[in-house]
Amino acid sequence: MEKSAMHWADVLADQLLKEKKKHVLATGITPSGPIHIGNMREILTTDAVYRSIIEKGGNADFIYIADDFDPLRKVYPYLPKSYEKYVGKPISEIPCPCGEHKSYADHYLTSFLNSLKEIGVNPHVYRANEMYKNGEYNEAIQIALENTDKIREIIEKISKRKLPKGWLPFNIRCEKCERMTIAKPVLYEYPIIEYKCDCGYEGEVDIRKGGVGKLPWRVDWPARWKMLGVTFEPCGKDLATVGGARDTGAKIVEEVYGYPHPALLVYEFILLKGEGAMHSSKGTALSGEEMLKMTPPEVLRFLLMKNQPGKHIVFDSGLGLLNLVDGYDKEERVYFGVEEETKGMKDLRKTYELSQPHNISKTIPYQLPYRHLVTLIQIGENWDEVKKILLRTGQIPKDLKKEDEKHLKQRTEHVRYWLNKFAPDIVKFEVTKKIPKINLTEEQKAFLSIMHEKIRDIKWEPEEIHNAIYEISEEENLQIKTAFKTIYQIILGQEKGPRAGYFLSNLDKKFVLERIAEAIK
RNA sequence: GGGCCUGUAGCUCAGCUAGGUAGAGCAUCUGGCUUUUAACCAGGUGGCCAAGGGUUCGAAUCCCUUCAGGCCCGCCA
């Protein structure tokens, strides 16, 4: 039997396809803070399974439920103190922290939805606050209240938590203080719940009216599985703990809502190298948006696609990122048959295909080593400048395809962001506008003056420049190390720099000559 | 206390889904290149697959036990 590797997304898709029906793949994220990379894993995992099902000819929907009716739990460290007064109110009704969005929830959601576009994920978006307000939840709420005892029993038994006397599976929203967290039910008789709020107000709500309260998390989740017909949903391992929301949810959806629980794939966390787990509340979180700004979208997808969801991933935002991109580029070359496969490239074809945000290119995209872009973007400020250099040095053809240019441009933008925020100092440099203040030895000056003569006549190409430097130092009996150092000193004001031949060839020849002339003046 | 992940070459890790001769990169060594922002090219060395047991014709891979590390267990991915 030939062993053909199968990608995890195909394995999951096949499992779902055993049931010939329409599948609803769901993701749910509460936009109560910066949406971090873990959410990316949830959404990309689902996207992978969704794509696999579609590819196999199955019928599926990919939905995303933003729980923007969730109350603000506390004033998170990244919020101003003034938000104290909003604690307990739904995040869709709290003002936006930056003032540019419709609400607090929109502030974080918009950024995330934009990120989704870039990584090529396009789910149908549902908003919990709308669903509650327009009454879509009404039936589920009524069923939950009718089954209060059963739900209570399930939660107490499975989660080993004690619920207070008189508890109802419904968080009432106080009409006076508008908080959803402090009103206590006094009496429920369909369709009215009488309540007493800690703010002092006593009143009653009619559950036939939408938006008067919310199902608690452990009930809300199973309720929407049933409402939306969810058949698959990944969840983080924190929720998957024994007695957690996954366990109680599975039981509640079956016994209360009479709906089979969806396949609940557990995925591991993404750890930030050197930082450990990411916690939005501790400020070590890397927002999904941020992550995407420093990583080309296809590479971010690649990272998640090549790892099974159950494996934790350590993300290195330093030099490791460059290796990751190199790994992707190599996989791309193998995919297009330009390079031979090395062992250990797992499920290569599928991984590559799933890594594409949009269409799979028919021919191999134009590749430039990513590390080279790191150098180039520090010489030219932006893509236009970099493009000029690339054209002048013949590193890209004059008739570069539009999509290739778009791709390279996008990559330079990611490199730029990475350099500004995450790159270690070792890879950073700046071509100074004026000659740096340095004291050169006579030896160094002699070297430079010969170099000035010599390079005037050579072809402005890496190898030629490289050779010239060696020849001069040999003739002058100068340590080659000193030669390189001198070059970096007069151009960058530091003692080390990118590989000199390539580096200088990417600079304008005239500029280099002028700089040398100035240095030996 | 419970759960999940991890343990494979000196280091970082593939390979484990569906069992079939142990793999890469880095480091090291040899040769080439006059040494540079992880230099490059060609080749070599290097592993009782954490330990023990089981299933099997056959186990790094499946099952059980143990050990070690990481993470999670109000809300949270």
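Order of the sequence lines fixes the chain letters, A, B, ..., with proteins taken first and strands second; residue numbering starts at 1 for each chain. All heavy atoms count here, side chains included; hydrogens, waters and symmetry mates do not.
For the P atom pair drawn from B:G10 and B:C75, the interatomic distance equals 44 Å after rounding to whole Å. With C1' as the reference atom, B:C72 and B:C16 are 24 Å apart, rounded to whole Å. Nucleotides B:U21 and B:A38 are separated by 35 Å at their C1' atoms, to the nearest Å. Here, B:A22 and B:U45 have their C1' atoms 16 Å apart, quoted to the whole Å. A gap of 12 Å separates the P atoms of B:U61 and B:G7, to the nearest Å. Only the P atoms considered, B:G58 is 35 Å distant from B:G69, to the nearest whole Å. Comparing B:C76 with B:C63, their P atoms are spaced 31 Å from each other, to the whole Å.
Residues A:Y370 and A:H372 place their aromatic rings such that the two centres sit no closer than 6.0 Å. The aromatic ring centres of A:Y352 and A:F302 sit 6.0 Å or more apart. Taking the six-membered ring for Trp and the full ring otherwise, the centers of A:Y488 and A:F429 sit at least 6.0 Å from each other.
For A:D68, the salt bridge (charged side-chain N to carboxylate O under 4.0 Å, His left out) criterion is met by A:R127, not counting sequence neighbours. A search for side chain to side chain donor-acceptor pair (under 3.5 Å) contacts involving A:N323 returns A:R371, not counting sequence neighbours.
Side chain of A:T241, nearest nucleotide from B:C75, B:C5, B:G2: B:G2. With B:C71, B:C75, B:C73 as the candidates, the nucleotide lying closest to the side chain of A:R73 is B:C75. Closest to the A:V242 side chain, of the nucleotides B:C75, B:G3, B:C4, is B:G3. The listed nucleotides are B:U35, B:U17, B:C71; the one nearest the side chain of A:V11 is B:U17. In the set B:U37, B:C76, B:C75, B:U37 carries the atom at the smallest distance from any side-chain atom of A:I426. Of the candidates B:A39, B:U37, B:A38, B:U37 carries the atom nearest the A:F429 side chain, counting heavy atoms from C-beta on. Side chain of A:N307, nearest nucleotide from B:C75, B:A14, B:A38: B:A14. The side chain of A:V427 sits closest to B:U37 out of B:U37, B:G74, B:C72.
Going from atom CG of A:D326 over to atom P of B:U37 covers 16 Å, rounded to whole Å. The CG-P distance, from A:L265 to B:G3, rounds to 19 Å in whole Å. Regarding A:W221, its CH2 atom lies at a distance of 11 Å from the P atom of B:C75, rounded to whole Å. For the pair A:I487 CD1 and B:U35 P, the interatomic distance rounds to 14 Å; values are reported in whole Å. As a whole-Å value, the separation of A:K214 NZ from B:C75 C1' is 11 Å. Taking atom CG on A:D316 and atom P on B:C13, their separation rounds to 10 Å, with Å as the unit. When the C1' atom of B:U37 is taken as reference, atom CD of A:E430 falls 16 Å away, rounded to whole Å.
A:D70 comes within contact range of no nucleotide atom at all, as no heavy-atom separation falls under 4.0 Å. Within 4.0 Å of A:I480, counting heavy atoms only, lies at least one base atom of the nucleic acid. Within 4.0 Å of A:G501, counting heavy atoms only, lies no atom of the nucleic acid at all. Looking at heavy-atom distances under 4.0 Å, A:K428 makes contact with a base. In this structure, A:F503 reaches neither bases nor backbone, as no heavy-atom distance under 4.0 Å exists between it and the strands shown. Heavy atoms of A:G497 sit under 4.0 angstrom from at least one base atom. A:Q494 comes within 4.0 angstrom of a nucleotide base, judged by non-hydrogen atoms across all strands. Using a 4.0 Å heavy-atom cutoff across all strands shown, A:R41 reaches no nucleic acid atom at all.
Within the structure, a side-chain polar atom (N or O) of A:W217 is placed less than 4.0 Å from OP1 or OP2 of B:C76. Regarding contacts with the backbone of B:U35, a side-chain N or O of A:Y470 is found under 4.0 angstrom from either OP1 or OP2. Phosphate contact (OP1/OP2 of B:U6, side-chain N/O of A:K311, threshold under 4.0 Å): present.
At a cut-off of 3.5 angstrom, counting only N and O atoms as typed in the model, there is no donor on one side facing an acceptor on the other between the side-chain of A:Q15 and the base of B:U17. Donor-acceptor pairing under 3.5 Å, judged by distance alone, is present between the side chain of A:K237 and the base of B:C71.
One finds no salt bridge joining A:R349 and A:E331 here, because no Lys/Arg side-chain nitrogen approaches an Asp/Glu carboxylate oxygen to under 4.0 Å. Using a 4.0 Å cut-off between charged side-chain N and carboxylate O, A:E93 and A:R173 make a salt bridge. A salt bridge does not link A:E464 with A:K454: none of the charged nitrogens is closer than 4.0 Å to a carboxylate oxygen.
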Task: Pairing pattern in dot-bracket form [Watson-Crick, G-U; both distances under 3.5 Å; | = partner strand] for RNA chain B - done: ((((((((.[[[[.)....(..]]]].(((((.......))))).....[[[[[..)....]]]]])))))))....
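A distance-only check finds a donor-acceptor pair linking the side chain of A:R301 to the backbone of A:L354 [under 3.5 Å].
A donor atom on one side chain and an acceptor atom on the other are found under 3.5 Å apart for A:D10 and A:S52.
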